[in-house]
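Since this is a predicted model, take the numbers as computed values, not measurements.
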Amino acid sequence: MALDTAIAKAEPVPVGEVGPRRRLKRFSGSRLGGLILALNLLSLLILFVGALLLNEWQRGLIESRQETLTAQAELLSNVLSKLSITTGEPTPAFDPVEASRQLVDDFIPAGQRARLFDLDGLLVADSYAVSEAIPGQPLPPALPAGASAPPASADAESRSAADLEQARAALAAEVELALDGVPQAGVRRSEGGDRVVSVSIPVRHVRQVLGVLTLEAGDVDETLAAQRRALMPFALVALAVNLLGSLLMHVFVARPVMRLSAAADEVRLQRARAISLPDLEGRKDEIGDLARSLETMTETLSDRMDAIEAFAADVSHEIKNPLTSIRSALETLPLVKTAAQREKLTNLLQQDVRRLDRLITDISNASRLDAELNRDRPRAIDLTQLLTEIVGVYEAGVKPGEAHVTFTASAGDRVPVMGRDGPLGQVFRNLIDNARSFSPPGGTVRLSLDRDDIDPDRPIRVRIDDDGPGIPPDNLETVFERFYTARPRGTAFGANSGLGLSIVRQIVEAHGGRVTAANRTDATGAVAGARFEVALPMVPVPGRRP
């Protein structure tokens, strides 16, 4: 009897079991969840670091600021060279008072500093010196009463002095290069230690270089910091979305996969016969498809196991019958006194041995059938040619008194079907043998091949008709069961095992077809014989319309 099917519910496996517990304890035991989280965080980290660095944006900002300052400096240089801010004959020079007045009168944008140097590189005018704005740093918080200010560190003072000297030296070098008539643009440190974009343009009177105009913009760092601060909320939102996405992927993907894996382990460890996870099978995504596929697969395996168990029980029952008969005959044989009785027992033993040999052969063929169907790859087979060859073999070996076999094909010269020629040949040989065994002496078994579009999925129809007594109406389906046999009187005992039609149905269904049994009737309505019909799918022929 078949065992009751147990259902795997993906329960936790006890510690000590081999296999399902060998997982890294990451992200609640999920490697997939940990990988999803790591990849999301890595991509976000790359984006976050790249946004903070802003190298390309910073370079573009500096270049844009240099172009703007250069245009402003050239415009201001042209204005200064045309105004009467020079004195001295024949060598003109800047008038410091007039130059300072022009610098404060001309519009200098906030955050920029304009300085004018003469031919000797000496400072003539500074927009900070004549501006109403007082540059500097905010005072530190007031100290409590009686507290003394902490002494300035000697190292800090030395570093400040060194930075100041470096800033002055960089400015002097820039001015000196501009005095040679070559405009300068670059990034350097100011005397206050801030990074500034600086442009130095020579101021000319006609063609004479009178000095150098230097424009500085010290708001680059502030602009970059403002951009980073503006980007920070978006980065935080992206981080939150990434974390939420990782969590959802873990909950809706990684954990269901873990549950399916645990349920499969339960089946592998023979604690269950099928997987059933209703909450996953109801999902309308790929996880639901996977759960339903696993459930169908395990149910199919369970049904196959039940069928194997039932087959084993039927085989045991069928083999015991001839063995019991043989044992009884052997026990009776020493008690027989006449030669006629001994010959009768000997014939009975021979019949039982033949029956047992036929059973073992058919059982062996039936047990190898699944392996043969799975081992051979289906290919296009010309069914017309296959049936012609099978019928030719039967007609070549027909003996007097045996039924003849005829074949007619109305479906065309070539009817391709997808299948395996060996198993398909066994189907039609079994059906022909079954029809011949029920046909009267000298009768005819008729094979016909045609096409019927009533079932578009299985348009190819093969019919096998005989002139026998037909099939009882209650047994039209029973004849396809294993070990079922109902023979007319006079048939040799043990000549049939009852597995032929069962093998036929198994092979036909494995090829996507269907086999049915029916009775033929004559004009008066009486049974004229049996008919077996095999319906198979057709392979389209290239270049031929279906």
Side-chain angles (χ1 to χ4, degrees), residues 57-88 91-136 164 166-224 226-227:
W57 193 86
Q58 177 181 350
R59 186 180 301 111
L61 175 63
I62 292 175
E63 292 176 355
S64 175
R65 185 53 56 89
Q66 286 177 348
E67 294 176 358
T68 303
L69 289 179
T70 300
Q72 292 178 0
E74 289 178 350
L75 178 60
L76 189 56
S77 172
N78 292 333
V79 171
L80 292 176
S81 64
K82 294 180 180 179
L83 295 175
S84 300
I85 61 171
T86 59
T87 60
T91 302
F94 285 125
D95 183 353
V97 176
E98 184 64 21
S100 299
R101 188 180 66 82
Q102 291 297 334
L103 284 180
V104 74
D105 287 344
D106 291 326
F107 179 71
I108 303 298
Q112 294 185 10
R113 183 178 184 180
R115 285 186 280 191
L116 189 62
F117 298 89
D118 60 12
L119 284 173
D120 298 325
L122 299 178
L123 182 62
V124 176
D126 188 347
S127 63
Y128 276 12
V130 296
S131 174
E132 297 179 356
I134 303 176
L164 182 60
Q166 290 179 0
R168 290 175 177 175
L171 176 60
E174 181 180 327
V175 172
E176 183 176 356
L177 292 175
L179 287 173
D180 294 334
V182 181
Q184 299 295 313
V187 180
R188 56 179 175 80
R189 292 289 176 180
S190 66
E191 291 85 345
D194 299 327
R195 186 169 58 165
V196 295
V197 178
S198 176
V199 173
S200 295
I201 300 294
V203 180
R204 303 175 185 272
H205 182 69
V206 189
R207 298 184 62 183
Q208 176 69 33
V209 176
L210 302 180
V212 173
L213 175 63
T214 300
L215 285 183
E216 300 174 357
D219 58 347
V220 176
D221 292 333
E222 289 79 1
T223 304
L224 290 175
Q227 290 295 327

Heavy-atom closest contact (Val209 atom, Leu179 atom, distance): CG1-O, 4.1 Å
Pairs where residues 62-71 contributes a residue and the test side-chain hydrogen bond (donor to acceptor under 3.5 Å, both in side chains) is met, not counting sequence neighbours: Arg65-Asp219
Spacing of CZ belonging to Arg204 relative to CG belonging to Leu210, to within rounding of 0.5 Å: 9.5 Å
From Leu69 atom CG to Ile201 atom CD1, the distance as rounded to the nearest 0.5 Å: 9.5 Å
Exercise: identify the closest heavy-atom pair between Val199 and Ala73: CG1-CB, 4.3 Å
For Arg188, all residues meeting side-chain contact (heavy atoms from CB on, under 4.5 Å), sequence neighbours excluded: Arg115, Ala170, Leu171, Glu174, Val196, Ser198, Thr214, Glu216
Shortest non-hydrogen separation from Gly121 to Val175 and the atoms involved: CA-CG1, 4.4 Å
Ser190 to Ala167 - nearest heavy-atom pair and separation: O-CB, 3.4 Å
Heavy-atom check, side chain of Leu177 versus side chain of Val182, under 4.5 Å: no
